[in-house]
> 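Questions regarding the structure given below will be posed in turn.
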Amino acid sequence: MGMGFYWAGLLFWVLSGAYFFLFIGGLLARSWRALVASGIAVILPSLYFFGAENWLRLAILLPFLSFILAYLVRKKDPYKIV
């Protein structure tokens, strides 16, 4: 018997990587849309860690951090189209 390929693990790492790149890119470009996309991408991985019994439970704060930063970036320049 060989080791099977786990699609859930692949999805977890793809979403985590997408969060990282979108979050950094959103901060550098001051793009509220990239920050919102990063928050959406990290919701499922953070919910997985919410079931932990130690300090990893704080990972649930990552989407909130992205959404708050997106709000602050959007509020700073509300009439920006792009």
Side-chain angles (χ1 to χ4, degrees):
M1 282 212 166
M3 239 177 157
F5 185 75
Y6 297 106
W7 287 103
L10 177 67
L11 179 65
F12 177 84
W13 284 109
V14 166
L15 288 175
S16 298
Y19 162 74
F20 179 74
F21 288 117
L22 286 169
F23 186 76
I24 298 298
L27 286 179
L28 292 176
R30 290 182 175 85
S31 168
W32 66 272
R33 292 179 185 182
L35 290 170
V36 167
S38 72
I40 292 171
V42 80
I43 286 176
L44 284 177
S46 67
L47 287 177
Y48 174 78
F49 284 117
F50 187 64
E53 296 182 8
N54 52 13
W55 59 271
L56 283 175
R57 185 175 281 197
L58 293 176
I60 195 71
L61 298 176
L62 289 175
F64 295 118
L65 175 68
S66 294
F67 294 140
I68 289 170
L69 287 174
Y71 173 75
L72 292 174
V73 168
R74 177 71 173 170
K75 184 179 175 184
K76 186 169 179 135
D77 194 9
Y79 300 109
K80 185 177 179 184
I81 295 173
V82 177

> Determine whether L44 and L65 fall in the same hydrophobic cluster, where Ile, Leu, Val, Met, Phe, Trp and Tyr are linked whenever their side-chain heavy atoms lie under 4.5 Å apart.
no
> Between G39 and F67, what is the shortest heavy-atom contact and its length?
C-CZ, 3.7 Å
> Can you hop from L15 to L35 via hydrophobic side chains spaced under 4.5 Å?
no
> Scan residues 40-51 for pairs that pass side chain to side chain donor-acceptor pair (under 3.5 Å), counting only residues two or more places apart or in two chains.
none
> Return the minimal non-hydrogen interatomic distance between P45 and F12, and the atom names on each side.
CB-CE1, 3.5 Å
> Flag yes if L27 and F20 sit in one hydrophobic cluster, no otherwise; membership is Ile, Leu, Val, Met, Phe, Trp, Tyr, and two members link when side-chain heavy atoms are under 4.5 Å apart.
yes
> Side-chain heavy atoms under 4.5 angstrom apart, residues restricted to Ile, Leu, Val, Met, Phe, Trp, Tyr: same cluster for L22 and L28?
no
> If you round to the nearest 0.5 Å, how far is CG of L61 from CZ of F64?
7.5 Å
> Quick check: closest heavy atoms across F50 and R57, and the distance to 0.1 Å?
O-NE, 3.4 Å
> Below 4.5 Å, heavy atoms only, C-beta onward: do V42 and F23 meet side chain to side chain?
no
> Give the cluster check for Y19 versus L11: same hydrophobic cluster or not, with ILVMFWY residues linked at side-chain heavy-atom distances below 4.5 Å.
no
> Do L10 and W7 make a side-chain contact, defined as non-hydrogen atoms from C-beta onward lying under 4.5 Å apart?
yes
